Amino acid sequence: MNHLVKLPRLASRAFSSSARQLKNKVPESQKIFQEDNGLPVHIKGGTGDVLLYRATMTLTIAGTCYSLYWLLIASFPQKKE
Amino acid sequence: MAHQVHAYHMVDPSPWPLTGAVGALLLTSGLAIWMHFHNMTLLTLGLILLLLTMYQWWRDIVREGTFQGHHTPPVQKGLRYGMILFITSEVFFFLGFFWAFYHSSLAPTPELGGCWPPTGITPLDPFEVPLLNTAVLLASGVTVTWAHHSIMEGHRKEAIQSLTLTILLGFYFTFLQAMEYYEAPFTIADGVYGSTFFVATGFHGLHVIIGSTFLAICLLRQVLYHFTSEHHFGFEAAAWYWHFVDVVWLFLYISIYWWGS
């Protein structure tokens with residue numbers, strides 16, 4: 001009977017919503033993004049930000065050139081087959 | 001370090017308006033190139049650039065508001081005006097398609113048989129799946145309001161549950177509508193009936209998907225403790241958008257599905 005008394009406590013610990021709850025990480029983020037380092041917000045998060053920004057800008061410039069290339073092709077009369 | 005003496009937000013220089021503009025350029029020119037030269041590269045590039053821009057721009061807004069504290073009451077007021085004006089522009093967008101529908105259906109031409117629905121069209125029964133869809137969206141309007149009250153009262157778990165339910169109802173609507181599209185006895189090519197039906201309901205469906213995505217981002221942010229009981233404008237904007245989507249459906253249901261059958 002004694003070991004059964006402990007069951008409700010064990011059950012609530014195993015299934016309680018506080019058992020696997022996420023910790024509030026907002027204060028940590030607030031510290032990172034309020035640091036006085038002069039960085040603009042779009043790269044203030046670190047290396048990942050910079051890499052994603054570089055990838056996006058590369059696609060932007062490459063895409064602009066590629067659209068101008070197609071504009072050149074489209075402006076010439078097409079050969080009828 | 002210089003401190004501002006006003007409550008407004010002087011935004012850091014950002015590359016996202018440029019990348020977004022180039023993305024729009026690639027999408028439009030890509031569409032033209034796809035149609036004329038059967039090449040999808042430019043279009044795909046445009047889509048990727050648009051997604052990258054949206055992710056980074058909105059990520060930065062979350063950082064500016066939640067992590068840097070720039071969203072003071074006057075700034076929030078501006079954001080509210082902005083969202084309301086955007087939704088108003090979307091109302092006008094749908095107004096056009098309703099105009100087209102009523103133009104064709106109020107005075108059906110002889111080519112259609114002089115009647116609406118036109119001769120040969122078997123419309124969907126408005127009291128089957130369309131009525132269920134109406135119930136689903138109305139219920140989701142209730143659950144999103146429940147979520148709002150939960151957030152305002154600081155009930156974290158309830159907010160997560162009701163917001164999740166709202167999103168699931170949105171997915172259910174999309175699933176049901178996709179099934180209807182598949183089973184429909186008419187297509188978009190079936191004259192002006194098909195055009196008005198699929199363009200109006202199609203754009204509505206796209207807005208349901210956009211709204212569900214916005215709510216899903218809000219769910220993630222609620223789980224990550226971004227919202228407080230006093231300050232949760234991102235969620236309010238998503239809820240406003242969701243109610244707009246619901247209202248458009250009600251007009252669609254009454255006009256196209258019910259009166260139009």
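Lettering of chains follows the sequences in order, A, B, ..., and the numbering in each one begins at 1. This structure is a prediction, so every number in the text was calculated from the model and none was measured. In what follows, every heavy atom counts, from backbone to side chain, and hydrogens, waters and symmetry copies are set aside.
Within 6.0 Å of atom CZ in A:Arg54, 12 or fewer heavy atoms from other residues, nucleotides or ligands are found, so the atom counts as exposed in its surroundings. The 12-atom threshold is not exceeded at OH of B:Tyr8, counting heavy atoms of other residues, nucleotides or ligands nearer than 6.0 Å. Taking a 6.0 Å sphere around CZ of B:Phe94, one finds it holds more than 12 heavy atoms contributed by other residues, nucleotides or ligands. The 12-atom threshold is exceeded at CH2 of B:Trp240, counting heavy atoms of other residues, nucleotides or ligands nearer than 6.0 Å. By the neighbour-count criterion of 12 heavy atoms within 6.0 Å, atom CZ of B:Phe37 is densely surrounded, having more than that number from other residues, nucleotides or ligands.
A 4.5 Å side-chain heavy-atom check between B:Pro15 and A:Tyr53 finds at least one atom pair inside the cut-off. For the pair A:Leu52/B:Tyr55, a side-chain contact is recorded, criterion being any heavy-atom separation below 4.5 Å from C-beta on. Considering only heavy atoms from C-beta on, A:Ser67 comes within 4.5 Å of B:Leu25 through its side chain.
At a threshold of 4.0 Å, the pair B:Arg63-A:Asp49 counts as salt-bridged, since one of the basic side-chain nitrogens sits closer than that to a carboxylate oxygen.
Among the candidates A:Gly45, A:Ala74, A:Gly63, the residue making the largest number of heavy-atom pairs closer than 4.5 Å to chain B is A:Gly63. Options A:Met57, A:Lys44, A:Gln30 differ in how many heavy-atom pairs under 4.5 Å they form with chain B, and the most are formed by A:Gln30. In terms of non-hydrogen atom pairs under 4.5 Å with chain A, the most contact-rich of B:Thr66, B:Asn39, B:Val223 is B:Asn39.
In this structure, no portion of A:Ile32 lies under 4.5 Å from any heavy atom of chain B. Interface remark: A:Leu39 contributes backbone atoms only to the contact with chain B (heavy atom separation under 4.5 Å). Neither the backbone nor the side chain of A:Lys31 comes within less than 4.5 Å of any heavy atom in chain B. For a residue to count as touching a neighbouring chain, one of its non-hydrogen atoms must lie under 4.5 Å from one of that chain's; by this rule B:Leu45 touches chain A with the side chain only. When heavy atoms are compared at a cutoff of 4.5 Å, B:Thr19 approaches chain A by way of both its backbone and its side chain. Looking at B:Trp16, the atoms closer than 4.5 Å to chain A (heavy atoms on both sides) all sit in the side chain, from C-beta outward. At a 4.5 Å heavy-atom cutoff, the contact between B:Gln56 and chain A is made by side-chain atoms alone.
For the atom pair CG of B:Leu26 and OG1 of A:Thr64, the computed distance is 6.0 Å after rounding to the nearest 0.5 Å. A distance of 6.5 Å separates CG of B:Leu42 from OH of A:Tyr66, quoted to the nearest 0.5 Å. To the nearest 0.5 Å, the span separating CZ on B:Phe67 from CD on A:Glu28 amounts to 10.0 Å.
A pairwise comparison of heavy atoms in A:Leu22 and B:Tyr225 identifies O-OH, 3.0 Å as the closest pair. The two residues A:His42 and B:Arg59 come nearest to each other via the heavy atoms O-NH2, 3.0 Å. For B:Leu49 against A:Thr56, the heavy-atom pair with the smallest separation is CD1-O, 3.6 Å. The two residues B:Leu224 and A:Val26 come nearest to each other via the heavy atoms O-CG2, 3.4 Å. Between A:Pro40 and B:Pro13, the shortest heavy-atom contact is CB-O, 4.2 Å.
Although no hydrogens or angles enter the test, the distance criterion places a donor-acceptor pair under 3.5 Å between the side chain of B:Gln68 and the main chain of A:Phe33.
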